[in-house]
Structures are given as structure tokens and as C-alpha cells.
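Because the structure is predicted, anything quoted here is derived from the model rather than measured.
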Amino acid sequence: MATIQLEIVSPDKVVYAADISMLIVRSTGGELGILPKHAPLVTGLMPHAMRVRLNSSDRDEQLIAVSGGFMEVTPEKITVLATAAEQPIDIDINRAQRAMDRAQERIAAFHQGGDEARNIDIERAQLALRRAIARLRATGTEIENLK
């Protein structure tokens with residue numbers, strides 16, 4: 001079975017490094033599946049839970065939360081330079097849930113208008129919501145109250 005080297009790096013550490021069979025990411029241009037011997041590529045990444053397949057089986061898949069960044073692909077290696085990246089074991093689920101709730105409250109307050117809405121940076125709140133959702137999805141947490 002052919003593999004490709006994956007390295008996910010955040011500003012403070014190497015978050016993940018392994019030989020994998022496939023990486024599925026959400027780029028700024030849409031969802032991409034990267035296999036061994038992929039054509040060279042550089043793209044921006046959206047906040048999401050990237051899917052790492054260690055072999056050709058869907059059952060052997062890991063999720064890693066990324067908060068955006070860039071990805072460089074060569075035929076032999078994938079390098080992800082992430083703003084922040086976390087493996088599920090490193091994610092505080094309660095903290096991620098609170099972050100999602102706060103972001104949803106800020107977005108709702110913005111859309112309701114009024115004096116409070118003027119102080120809300122809607123793009124920042126939406127980005128915070130996407131980051132929190134990515135973290136929760138990476139842990140396999142059911143997201144019930146997504147508005």
C-alpha cells in the first residue's frame with residue numbers, strides 16, 4: 001500500500017507526523033482528498049476537523065482539529081502549517097462547548113441589532129464558532145444546539 005508523509009505543525013510544536021494513505025481537508029477552494037503521489041499544491045485551510053486515513057479502510061481514520069493555516073503538498077509529503085492544531089486527546093470538550101455557546105450568543109446578538117450589536121465583530125464571532133465546531137467534531141462530540 002502506498003503512503004505519503006504527513007506533518008502538521010503549529011507555531012509551538014509538531015502536532016502530528018506519520019505516514020498515511022489519505023488526507024481529507026477543507027481548503028479555501030473546497031474539500032480536497034490528498035493521496036500519495038499527488039500533484040504539487042499550496043492552499044489555504046479553513047477551520048475544520050481534518051480526516052487522516054492511516055490505511056485504505058474508513059475505519060482507521062483519525063480527526064485532527066485545525067484552526068486554519070496553509071497546506072503544501074508534494075508527491076512525497078504533505079505539510080500543514082496550522083494557526084493552531086489539536087489532536088482529540090488534547091481538546092478540552094467543555095471549553096470548546098463554552099466557546100461555541102459564546103460565539104453563537106454573539107452572532108445572535110449581532111443579528112438582533114441594538115446598542116450591543118455595534119460592539120460585536122461578526123467575522124471574528126463566526127470564525128470563533130467555526131474553530132469551536134472543528135474542535136468538537138475532532139473529538140466526536142455530538143453538536144446538538146448548532147444554530
Side-chain angles (χ1 to χ4, degrees), residues 1-111 119-147:
M1 174 181 68
T3 61
I4 187 168
Q5 185 181 1
L6 170 64
E7 187 173 63
I8 302 171
V9 182
S10 70
D12 54 335
K13 65 180 178 177
V14 174
V15 176
Y16 186 88
D19 288 336
I20 64 166
S21 66
M22 182 178 192
L23 177 68
I24 301 168
V25 298
R26 187 169 304 134
S27 76
T28 53
E31 194 153 301
L32 296 170
I34 309 296
L35 295 167
K37 310 241 186 279
H38 194 284
L41 169 75
V42 174
T43 187
L45 296 176
M46 304 295 291
H48 71 290
M50 68 173 44
R51 296 164 40 201
V52 178
R53 292 201 179 147
L54 300 176
N55 58 46
S56 58
S57 168
D58 286 348
R59 288 176 275 139
D60 199 8
E61 185 174 271
Q62 294 179 322
L63 297 174
I64 299 175
V66 293
S67 295
F70 294 91
M71 176 178 70
E72 177 187 27
V73 178
T74 66
E76 303 83 29
K77 184 176 182 181
I78 304 167
T79 304
V80 174
L81 303 173
T83 308
E86 295 173 283
Q87 293 196 48
I89 196 160
D90 298 325
I91 296 172
D92 181 337
I93 295 171
N94 292 325
R95 182 172 171 243
Q97 182 67 52
R98 287 191 308 271
M100 185 179 86
D101 293 342
R102 274 192 315 275
Q104 287 179 324
E105 288 168 9
R106 293 186 68 73
I107 292 167
F110 177 83
H111 289 299
N119 297 327
I120 296 173
D121 181 344
I122 189 65
E123 289 179 17
R124 184 175 172 197
Q126 290 169 335
L127 186 58
L129 178 61
R130 287 194 294 269
R131 284 192 309 260
I133 290 170
R135 294 178 79 224
L136 290 169
R137 285 196 175 138
T139 64
T141 301
E142 191 81 22
I143 301 174
E144 297 172 8
N145 60 345
L146 187 59
K147 299 171 187 155

_Working to the nearest 0.5 angstrom, can you tell me the gap between E72 CD and T43 OG1?_
12.0 Å
*Rounded to the nearest 0.5 Å, what separation is found between the CE atom of M50 and the CG atom of L32?*
10.5 Å
*Among all residues two or more places apart in sequence or in another chain, which pass the side chain to side chain donor-acceptor pair (under 3.5 Å) test with T139?*
T141
*Residues two or more places apart in sequence or in another chain: which of them pass side chain to side chain donor-acceptor pair (under 3.5 Å) with Q62?*
Y16
_What verdict does the side chain to side chain contact (heavy atoms under 4.5 Å, CB included) test give for R95 and R135, after you've listed the backbone C-alpha separation in whole Å, the side-chain angles of each residue and the deciding distance to 0.1 Å?_
CA-CA 10 Å; R95 182 172 171 243; R135 294 178 79 224; 3.9 Å; yes
_To the nearest 0.5 Å, what is the distance between CD1 on I4 and CD1 on I78?_
4.0 Å
*asked:* Please find the pair of heavy atoms, one from P11 and one from A82, that lie closest to each other, and give the distance.
replied: CD-O, 3.3 Å
*Enter the distance from H38:NE2 to L23:CG here, rounded to the nearest 0.5 Å.*
10.0 Å
*In Å, rounded to the nearest 0.5 Å, how long is the span from CE of M71 to CZ of R26?*
13.0 Å
_Least distance between heavy atoms, P88 atom then L63 atom_ = CD-O, 3.0 Å
_Distance check, rounded to the nearest 0.5 Å: I34 atom CD1 versus L6 atom CG?_
10.5 Å
*Any sub-3.5 Å donor-acceptor pair from Q5's side-chain atoms to E76's backbone N or O?*
no
*Which heavy-atom pair separates A49 from A134 by the least distance, and what is that distance?*
CB-O, 3.8 Å
*What pair of heavy atoms forms the shortest contact from R53 to I20, and how long is it?*
O-CB, 3.4 Å
*Checking side chain to side chain contact (heavy atoms under 4.5 Å, CB included) for the pair R137/I143: CA distance, chi angles, key distance, verdict?*
CA-CA 8 Å; R137 285 196 175 138; I143 301 174; 3.7 Å; yes
